[in-house]
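Below is one structure, written out as structure tokens; the observations come after it.
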Amino acid sequence: MISPWLLERVACPVCLERTGCADCGAKAPGHEACRQDYRRRAACPCGGPDKVRLAPEGEGLRCPCCGDLYPVERERGYVDLVPREDVGSVTQYADHEFHERLGATDASPVLSARVKADMMRRMLDPQPGETVLDLGCGAGKLALFAAADGVKAAGIDVAPFFLPRAAREVDLVLGDLRRLPFRKAAFPCAFSLDVLEHLDETGVKDVLVEARRALPSSGRLFVYTHAMESSRLARFQRAVNRLARRLGEAGLIDHEREAMRKSDHVNAIKSHEHFDALCASAGLVVTERRYYNVVFKAVVEDLLLRLYEQSRRRPAAPKDASVQTPRHAHDTPAARPPGRVLLAVAQALTWILKLDVVLFGGIRTGPFFGLLRPRA
Ligand SMILES: [Zn+2]
Ligand SMILES: [Zn+2]
Ligand SMILES: [Zn+2]
């Protein structure tokens with residue numbers, strides 16, 4: 001949907017206002033100042049200039065600085081604020097994700113997706129009536145989850161594969177996280193899950209700088225991503241994954257989806273210190289961090305559930321190895337909403353998966369939940 005409050009908050013993704021401090025005020029005339037000097041101005045320690053407000057024109061919004069017209073897609077439920085200029089390589093993620101999204105339902109997240117969603121809710125603590133922005137919202141499942149608590153949720157993603165219910169119930173923007181199309185301090189809180197690992201280092205820094213500007217000085221940002229390091233517990237996870245891969249080779253488990261999902265990982269964040277440094281350069285500081293050692297998840301979700309899924313998908317797998325079974329995600333039947341028994345089982349398993357955070361959340365490893373705040 002497109003609420004009046006969303007239209008109050010949007011701005012041109014690529015245009016910065018002329019005014020700023022002595023360092024980030026426009027030096028070149030007109031749109032030249034945006035084009036030539038965007039990154040330096042946007043990352044100014046003062047918080048950078050605001051973004052240029054758009055003027056309604058017909059069915060769209062026109063930027064008075066660059067002159068671009070951005071469509072307001074009322075039927076589809078989103079505003080298209082994708083930069084018309086090149087802002088860096090576009091990931092394949094959208095295409096890959098598309099297959100998964102075909103199977104997405106608007107049911108509440110379960111299993112590890114729920115563990116992450118609950119960590120978001122606990123650490124970010126969005127309040128009823130507060131506006132919260134999902135950076136890289138995908139189909140909009142998590143934005144819907146956040147909105148269930150009376151929070152005013154908005155989502156932004158570069159790919160337009162939104163769930164129909166998300167398009168009806170949360171505010172949606174099509175856009176690039178490296179050029180957030182929002183006015184300064186537009187959202188008191190924001191979150192970003194499973195996104196930063198898909199960007200190169202410049203992209204990660206861009207996203208952090210943009211998020212920083214979209215927050216007020218009292219704002220907060222929750223992220224879930226991973227650094228390229230691992231704890232000793234991760235050895236157990238790797239052993240389980242090796243087993244799963246072998247079972248996959250034997251046709252007993254569908255390993256392809258996970259491989260597809262990860263195939264686009266760039267993994268620019270080398271260590272937690274590296275991430276802290278990227279945050280600092282964007283004017284943010286990590287105030288709380290919990291690690292995600294996936295011990296229970298590896299066994300329950302990556303192994304047992306895959307085996308179960310595969311056994312249901314192909315109850316009478318052909319013995320003849322020469323018979324090829326379809327292995328692509330889009331060949332699998334479309335996901336139906338889960339039944340009541342299945343949902344109860346999934347909820348019970350979710351509680352087991354939560355032990356990974358409860359028991360091992362303090363043990364340093366790559367995947368982590370972070371709460372970030374603007375630096376004083
Ligand atoms: Zn400045
Ligand atoms: Zn401009
Ligand atoms: Zn513009």
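Values reported hereafter were calculated over all heavy atoms of this structure, with side chains retained and with hydrogens, waters and symmetry mates removed. Both ligands and their constituent atoms are indexed starting at 1 by order of listing.
Side chain to side chain, Ser271 and Glu229 fail the donor-acceptor criterion of an N or O pair below 3.5 Å.
Between Trp5 and Phe187, the two ring planes are perpendicular [angle over 60°; tilted spans 30° to 60°].
Because the distance cut-off is set at 2.8 Å, Cys65 fails to qualify as a neighbour of the Zn ion (ligand 3), as none of its N, O or S atoms comes that close. Residue Cys66 does not count as close to the Zn ion (ligand 2), with no N, O or S atom under 2.8 Å. His31 lies close to the Zn ion (ligand 2), since one of its N, O or S atoms is found at a distance under 2.8 Å.
Ring centroids of Phe360 and Tyr291 are separated by 6.0 Å or more, keeping the two rings apart.
The Zn ion (ligand 1) forms the vertex of an angle spanning SG of Cys44 and SG of Cys24; to the nearest 10 degrees it equals 110°. Here the angle at the Zn ion (ligand 2) defined by SG in Cys15 and SG in Cys34 stands at 120°, rounded to 10 degrees. At the Zn ion (ligand 1), the vertex angle linking SG of Cys46 with SG of Cys21 is 120° (nearest 10 degrees).
The side-chain heavy atoms of Val195 and Thr225, taken from C-beta on, include no pair separated by under 4.5 Å. Taking 4.5 Å as the limit, some side-chain heavy atom of Leu81 sits within range of a side-chain heavy atom of Val10.
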